[in-house]
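Per chain, numbering begins at 1; letters A, B, ... match sequence-line order.
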Amino acid sequence: MSDQQTNPVISIKNLSVDFALRRGPFRAVSDVSFDLYPGKTLCLVGESGSGKTVTGRALMQIISKPGVIVEGSISLVKPDGATVDIAQLDPRGKEIREFRGGDIAMIFQEPMSSMSPVHTIGSQIIEAILQHSKMSKAEARTRTIELLASVDISEPELAIDRYPFEYSGGMLQRAMIAMALSAEPRILIADEPTTALDVTTQAEILDLVKRLQVEHGMAVLLITHDMGIVAEVADEVVVMRHGKIVEHRSVDDMFHDPQHAYTKQLLASTMKLEAGAANAAKAVDDKAKPILSVRNLSKFYGTEKNGVQAVDDVSFDLLPGKTLGIVGESGSGKTTLGRLILRIVEPTTGAVSYRDRDGQDVDVIGLNKKRLRDFHADVRLIFQDPYASLNPRMTVREIIGDPLLVNGRLRGEALKDKVTELLDLVGLEPEVMERYPHAFSGGQRQRIGIARALSLEPRVIIADEATSALDVSIRSQILDLLLDLQKRLNLSFVFISHDISVVRYFCDDVLVMHYGKLVESGTAEQICTDPQQAYTKSLISAVPNPDPRNKRMMHRTRFDVTAN
Amino acid sequence: MSEQIQNQEGEVSALVSTYGHDVETLGHWRLMWMKFLRQKLAVASGIVIILLYMVALFADFLAPFDPQKAVPKLTYAPPQSIHFFVEDENGESHFQLHVNAYKVTIDKAALRRVFTIDEDKIIPLKLFVEGADYKLFGFIPSNIHLIGPANPNDPFFLLGADRIGRDGFSRVLHGTRVSMSIGLIGVAVALFLGMLLGGLSGYYGGVTDMVIQRAIEVLSSIPTIPLWMGLAAAIPLTWSPLHVYFIITLIVSLLGWTSLAREVRGRFMALKTDAFVTSAILDGSSELRVIFRHMMPSLTSHIIATLTLAIPAMIIAETSLSFLGIGLKPPVVSWGVLLQDSQNVRAVAQAPWLLAWPGGAIVLAVLAFNFLGDGLRDAADPYSH
Amino acid sequence: MLRYIIRRILYMIPTMIGISFLTFMIIQLPPGDFLTTMLAYIADSTQGGITEALEQKMRVQYGLDKPLIVQYWKWISGIVFRGDFGPSFGWGVPVSQLIGDTMGLTLMVSLCSLIFVWGVSLPIGIYSAVNRYSATDHLFTLIGFLGLAIPNFLLALALMVFGYSVLGVRVGGLFSPEFMHVDWSWDKFVDLLGHIWIPVIVIGTSGTAALIRIMRANLADELEKPYVVTARAKGLPEWKILFKYPVRIAMNPFVSTIGWILPSLISGVTITAIVLNLPTSGPILIQALIAQDMYLAGSFIFLLSILTLFGMLISDILLALLDPRIRFN
């Protein structure tokens with residue numbers, strides 16, 4: 001696409017969207033304006049609640065129920081040059097349906113729930129084709145097979161009659177893209193299209209979108225929270241916060257010359273993680289004996305005929321004061337591994353040995369119930385979901401104090417003082433003690449979870465995707481808190497994550513897992529900059545790099561599962 | 001993921017806006033109570049149910065007569081209505097609670113007595129009048145009735161009289177006692193069985209679970225009324241009414257426990273893998289503490305709702321069986337027993353109050369329990385809206 | 001799919017065995033055994049007794065001296081292998097001669113009720129879910145609650161009284177007197193249709209109310225699902241979005257309700273039939289129970305349960321046809 005082509009295909013002017021709530025109208029999108037150009041990608045960036053999704057949906061007038069466009073225009077330029085203001089059309093009318101899925105198409109975050117589970121992939125695509133063309137059913141079927149082939153779905157003749165649940169998330173997202181492309185749209189809205197996917201799949205999907213964009217000359221509106229993706233694919237960036245645009249720049253300017261304080265903060269949180277080596281200054285005696293030692297740990301689920309080897313012969317050592325990262329994509333067995341160590345799930349075979357405070361090695365697998373309780377006091381777990389892991393019926397004081405109470409360590413006033421101390425440690429005011437979990441945001445809840453984990457003065461903390469559910473700015477705060485606590489309390493961490501940049505920032509050593517097996521291990525720096533194994537290479541290179549001048553993902557290493 | 005957070009953050013603020021700004025320090029039960037109070041229909045139903053149980057407790061006092069007292073010459077006497085003032089000879093009206101007496105005519109064609117209200121003759125009423133002896137709550141002897149004719153032998157039929165001239169009003173009040181308590185006791189039995197078997201099933205899983213689940217399946221695939229009928233018909237005729245009452249309660253609760261056990265099992269299974277339960281285990285809580293401090297409180301509210309919704313089915317079951325003549329039998333008075341008199345369509349056509357009042361009582365009780373149960377079920381999850 | 005059906009049928013067998021045990025227990029429940037009952041009948045009809053020696057001889061002859069499990073086997077094997085349900089003392093003929101016609105009519109009334117329940121609750125449920133909190137929705141909700149609160153027999157009674165005293169007609173029965181004991185013909189069928197709607201409404205009301213609520217709740221959930229947004233983003237018209245996707249998916253739990261709606265309908269048929277005096281299993285069952293004609297009563301309970309089981313089987317197969325996730329398992 002040439003740069004001379006400066007006429008937008010759609011221009012949004014002063015768009016405002018209100019949601020009628022019981023307490024009155026809530027302005028989700030306020031005075032938003034931007035244009036989309038053919039062949040160009042505009043990224044709409046923001047954290048949760050920024051109004052980016054609502055903005056995207058407003059372009060097709062498919063905002064969910066209590067939301068209505070109250071102001072502004074959405075001028076779509078037709079191929080013949082005439083313009084239509086979509087904001088003026090009846091959202092249930094015939095006219096607007098021509099544009100939905102016709103000129104403007106959309107793909108969504110959760111491919112699995114965005115497709116009907118009881119209809120074949122083919123029937124859902126054919127329907128889209130028939131809606132916008134005069135093809136016969138047979139022609140539409142042929143066209144669907146072509147479309148599926150064009151999004152690199154293998155054996156499209158068979159795929160067309162499959163149901164969504166027979167496919168992986170990545171494959172389904174391809175099918176969604178095929179569906180979106182069925183009427184050759186000029187504008188593609190992609191709402192967090194890869195958030196639910198693994199990082200290698202994400203790279204493939206973004207590749208595919210880019211390729212199809214070039215082929216069809218589409219304008220793409222990509223909605224995301226991930227600055228890395230923005231740097232990799234955007235031409236222009238719009239940053240939104242609380243329903244308003246805070247900054248609108250070209251991608252290069254955005255990353256190298258941000259103006260607004262919020263953008264700067266957003267970038268800083270992202271870049272900080274990229275910098276890595278937060279632990280460089282840590283002085284650890286490498287000759288120290290491991291505090292936790294895992295040998296040939298395996299877990300097999302199901303029967304011999306029809307089973308899954310969730311964890312396959314994994315061994316590693318955790319040195320005191322160190323942080324060991326375990327990375328892997330979904331299905332890699334990393335979460336199961338964490339649970340095997342704590343015996344929340346009993347391992348099929350293998351050994352876990354823990355070196356206790358007296359320097360004695362404890363065989364964790366052989367512990368009886370009572371001794372296991374002592375082990376659980378020393379080795380604590382921080383959960384992924386800060387919402388589900390706190391009992392909604394207990395106050396913060398009860399939640400944090402419960403481990404001390406049930407272990408018979410403290411009670412009464414002394415317990416209250418300890419809880420105050422713990423709250424202080426994780427950066428919360430003592431006043432919050434009498435509140436219930438529902439009164440807190442995600443980041444605050446994770447702080448409460450950390451305080452609970454610390455209450456028994458543990459020596460090892462296993463953090464299972466502890467920051468995955470949090471927005472990027474909150475995420476770096478929590479990571480810094482954990483690093484600070486590690487120094488002050490001399491903790492050792494097992495940090496389980498799918499997020500390479502977090503691992504790089506936070507961990508000393510890294511294990512890479514794939515289909516239950518340990519693929520590679522090494523220092524965080526080495527794994528991230530000089531991976532040895534093919535799988536690790538593909539994984540690392542698929543991570544979007546938040547620098548538009550150094551796009552990594554687009555020339556990444558690909559890993560073929562069948563070649564392994 | 002971020003979308004999910006967004007929703008949940010939204011919920012926090014929605015919670016604040018729904019319940020007011022003090023929400024941070026309000027516990028789960030308070031939130032549920034507040035949510036419940038916002039459902040006017042459920043609250044009103046709750047009050048109706050409390051009133052019904054009060055009636056059951058104080059039936060002896062509230063009823064003007066002994067429910068068995070028959071006045072054979074006043075068969076099918078129509079309902080009277082209470083008047084407050086009488087005019088004396090001077091045309092001055094003064095306060096005097098009364099009903100009008102009956103005039104009897106003979107319908108020669110149908111060969112039966114017909115009662116009409118005699119406007120000229122009054123039967124004075126008294127509050128806290130002395131009447132038939134009874135024992136309040138079964139042990140306090142008394143003969144005071146809330147309202148009744150000044151002369152205990154005068155006819156006073158607010159809701160009409162039945163086939164042998166018994167007072168419909170007194171009988172419906174006394175029927176409340178049996179019909180409403182069967183629901184309550186039945187639910188207690190169902191609760192015990194359901195919690196025990198459902199809990200075992202959900203906690204242990206495996207073979208225990210399978211056996212219990214299959215038993216539930218067998219029980220719930222037998223259509224309830226034929227099953228109840230089969231069981232109830234086996235009750236020996238010689239058994240005492242109290243005996244029959246308990247057996248019928250047991251039979252009726254056969255229905256309740258299966259659904260409750262399913263509910264308990266399902267929730268137990270789901271809770272077992274909940275992160276906050278896992279975290280309680282890792283915190284060092286004992287098995288009992290995990291169950292009673294962490295899992296049970298999450299179950300209680302749902303169980304209460306399920307139980308409330310199970311009571312109306314039991315009331316209907318008792319009434320149905322008694323109506324068919326294989327449940328409770330006279331002289332026991334329950335709404336179902338009262339309806340036995342309505343089996344004769346001709347009698348009902350002549351005396352519609354036989355059907356209307358006990359039937360109305362059943363519908364009122366069942367409706368109230370359904371509304372209340374629905375309200376409780378909604379309130380059981382105060383974080384959704 | 002075929003494998004699924006076969007597995008599902010095999011799965012049914014233990015439940016059937018469980019039901020047969022329970023039924024046999026009910027048969028055994030009244031004091032005394034069937035010989036006592038039979039002798040009582042004989043004594044009634046012949047005004048004379050039977051000697052104790054003869055009684056003992058008969059006891060051995062009928063196998064009543066054997067353990068219960070042997071008696072159970074004798075009973076169930078008779079049903080399974082010879083269609084022999086045992087004797088009816090009250091009627092003096094084998095039970096199998098008594099059940100054919102009535103079970104057929106029971107099935108017919110149940111089926112009609114099921115069709116009525118679905119036919120009425122589906123459109124109303126969809127309407128209520130789409131127009132939630134509208135005046136009409138509230139009206140349907142109110143009617144639904146009333147429907148749930150009025151027991152079958154009460155509704156039947158009320159209709160009968162209404163018919164008798166207001167319309168001056170006798171409500172009840174399934175046939176006019178002139179068709180009562182004649183063979184099936186077109187006219188008899190038409191006559192049946194003229195009568196069957198009253199029990200169908202009586203039996204179906206509470207089920208309809210329950211299903212409206214289920215459909216409304218399920219569909220309301222489905223309407224919020226992302227795939228609805230996808231369908232809308234394709235440019236489909238609203239009616240097509242509604243019927244092809246959320247309604248279709250909300251149908252699954254709706255169809256699976258047959259599992260409990262059928263037992264409750266058959267319950268309803270039983271009690272309503274007694275009130276309305278229909279020539280179905282209800283009146284015979286209650287007469288048998290009151291007279292403690294236990295083989296007859298037990299057979300009805302057993303057959304009604306088996307009927308329910310087959311209904312559930314059909315609903316599961318339907319569900320598998322509707323939902324590929326079940327089919328593929």
Problem set entry | Heavy-atom closest contact (B:F276 atom, A:P392 atom, distance) | CE2-CD, 4.1 Å

For this session: Indicate yes or no: at least one non-hydrogen side-chain atom of A:N391 is less than 4.5 angstrom from one of B:R293.
Result: no

Exercise. Which distance, rounded to the nearest 0.5 Å, do you find between the CD1 of A:I382 and the CG of B:L282?
Worked result: 12.0 Å

For this session: Counting only heavy atoms closer than 4.5 Å, note whether A:R380 contacts chain B via side chain, backbone, both or neither.
Result: side chain

Problem set entry | Under 3.5 Å: donor-acceptor pair, side chain of A:N407, backbone of B:D283 | yes

Exercise. Counting heavy-atom pairs under 4.5 Å to chain B, which of A:L381, A:V406, A:D374 comes out on top?
Worked result: A:V406

Exercise. Got B:T278 and A:F383 here, is their nearest side-chain heavy-atom distance under 4.5 Å?
Worked result: yes

For this session: Side-chain contact test, heavy atoms from C-beta onward, threshold under 4.5 Å: evaluate it for A:R373 versus B:S286 and give yes or no.
Result: yes

Problem set entry | Interchain contact, A:M394 with chain B, by part (heavy-atom threshold 4.5 Å) | side chain

Exercise. What are the two closest heavy atoms between A:S389 and B:A275, and how far apart are they?
Worked result: CA-CB, 3.7 Å

Exercise. At a heavy-atom separation under 4.5 Å, does A:L405 approach chain B through its side chain, its backbone, both, or neither?
Worked result: side chain

Exercise. For B:H294, does its backbone N or O pair with a side-chain atom of A:R393 as donor and acceptor, under 3.5 Å?
Worked result: no

Exercise. Side chain, backbone, both or neither: which part of A:L390 has an atom under 4.5 Å from a heavy atom of chain B?
Worked result: backbone

Exercise. With a 4.0 Å cut-off, would you call B:R289 and A:D402 a salt bridge?
Worked result: yes

